[in-house]
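Here is the structure we will look at, set down as structure tokens.
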Amino acid sequence: MTFSPSSGYPTHRPRRLRSHPKLRDLVREERLTVDDLIYPLFVYHGKNLRREIASMPGQFQLSLDRLGEAVGEVAELGIPSVLLFGIPEHKDATGSGASHDSGIVQEAVRLIKKQFPDLLVITDVCFCEYTDHGHCGPLVERGGRLDVDNDATLPLLAQQSVSHARAGADVIAPSGMMDGMVQAIRSGLDAAGFTHVPILAYAAKFASAYYGPFRDAAESAPSFGDRRTYQMDPANGDEALREVALDLAEGADLVMVKPALAYMDVVRRVKDTFGVPVAAYNVSGEYAMIKAAAAKGWIDERRIVLETLTGFKRAGTDMIITYHALDVARWLRNA
Ligand code: PBG
Ligand code: ZN
């Protein structure tokens, strides 16, 4: 959009268009709807478990036998999609449990697809919940330091993705920020006959302190060091565009920016530069901040959440992964 004095402005009195509620409705540019929402779920090993996550009030670790009731609520509210994370009983150095056909996520996908065939099931593909060291792939020692072995992780990511697709996952979402991960997964899926399964790449994922509460929920905190050798430096916006360009070139169908709040400029630049579907992940720390302030009565939770998510849309997001999804769906229904 360009403005110049000669082309004129719509009005010198912008308040005219704010003067009547129906007029405000007519000129509103963005609309948050239930169709924008993706709800993350934590599937936990064991039985009869529905444990609230202390730093994420209202969010739960759920065992398979308690998953159906939660997903039923999602479906009933008209939320189109869920994103699944699994917390397995056994962890090892390579995260081998992540690719078992009877693994926690694979079982969860089967259960959801059977009970709620219309729901879109997205699976997070990574190893941090499955490795005993909590990093996003197997480790290698380089120059006296342990680091995730990028190229050893790639075939494992392909295996994990194929096992998710075999279980019925509709979309595969790799979150580990390994170089070449999208290509490896695309080739693996294609070779196994899953050419129709799209990839939602965590393309611009920053090394963020906002993931703190999630790591409690998914029990995936690294046992040493941090993720800065694979996740991005929060200072780098140009680099985010290069990451997105690479993932698209490797075959990503959808791209994600994560976290959302502090990175809305990145969302906008990705949208303007590539014109592809963009997801924003409204992460655990963003959720926790709002819940904590709301619990103290310092903010109006409903208005803050709706304003925040509308802001994501204005920045150029097509879909929003958010722990607020159930509340938002209820609020929009009763609006
Ligand atoms: C794991 C993963 C993380 C999140 C999604 N997938 C955490 C991490 O990188 O440590 C964070 C989600 C959130 O904070 O809500 N690869
Ligand atoms: Zn990970």
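Just so you know, ligand 1 is whichever comes first in the structure, and atom 1 is the first atom listed for that ligand.
- Proximity to Ser175 (heavy-atom distance under 4.0 Å) selects the following atoms of ligand 1: 1 (C), 6 (N), 16 (N).
- Numbered from 1 in the order shown, with element, the atoms of ligand 1 that lie under 4.0 Å from a heavy atom of Lys205 read 1 (C), 2 (C), 3 (C), 6 (N), 8 (C), 9 (O), 16 (N).
- At least one N/O-N/O distance between Ser284 and ligand 1 falls below 3.5 Å.
- In summary, Glu29 and Lys313 do not engage in a salt bridge, as defined by a charged side-chain N under 4.0 Å from a carboxylate O.
- Rounding to 10 degrees, one finds that the Zn ion (ligand 2) sits at the corner of an angle of 120° between Cys126 SG and Cys128 SG.
- Of all the atoms in ligand 1, the ones that sit under 4.0 Å from a non-hydrogen atom of Phe85 are 5 (C), 6 (N).
- In this structure, His324 has its ring center under 6.0 Å from that of Tyr287.
- Arg215 NE, 2.6 Å is the protein heavy atom nearest to atom 10 (O) of ligand 1.
- With a 4.0 Å cut-off on non-hydrogen atoms, Cys128 touches ligand 1 through its side chain and not its backbone.
- Of the heavy atoms in Tyr323, only side-chain atoms (C-beta onward) come closer than 4.0 Å to ligand 1.
- A salt bridge does not link Arg302 to Asp327: none of the charged nitrogens lies less than 4.0 Å from a carboxylate oxygen.
- Residue Tyr287 places every heavy atom at 4.0 Å or more from ligand 1.
- Here the heavy atom of the protein found nearest to atom 4 (C) of ligand 1 is Lys258 NZ, 2.5 Å.
- By the 6.0 Å and 45° rule, Lys205 stacks over the aromatic ring of Tyr211.
- Electrostatic pairing of Lys291 and Glu286 does not count as a salt bridge here, judged by no charged N lying under 4.0 Å from a carboxylate O.
- Crowding of Tyr210 atom OH: a count of heavy atoms from other residues, nucleotides or ligands under 6.0 Å not exceeding 12.
- For ligand 1, the atoms lying closer than 4.0 Å to a non-hydrogen atom of Gln231 are 8 (C), 9 (O).
- Set against the non-hydrogen atoms of Asp124, the atoms of ligand 1 under 4.0 Å away are 6 (N).
- Heavy atoms from other residues, nucleotides or ligands lying under 6.0 Å from NE2 of His196 number more than 12.
- With ring centers used as reference points, Phe42 lies 6.0 Å or more from Phe60.
- With ligand atoms numbered from 1 in the order given, ligand 1 contributes 12 (C), 15 (O) to contacts under 4.0 Å with heavy atoms of Tyr281.
- Ion pairing between a basic and an acidic side chain is recognised when a charged N comes within 4.0 Å of a carboxylate O; Arg269 and Asp272 show no such pairing.
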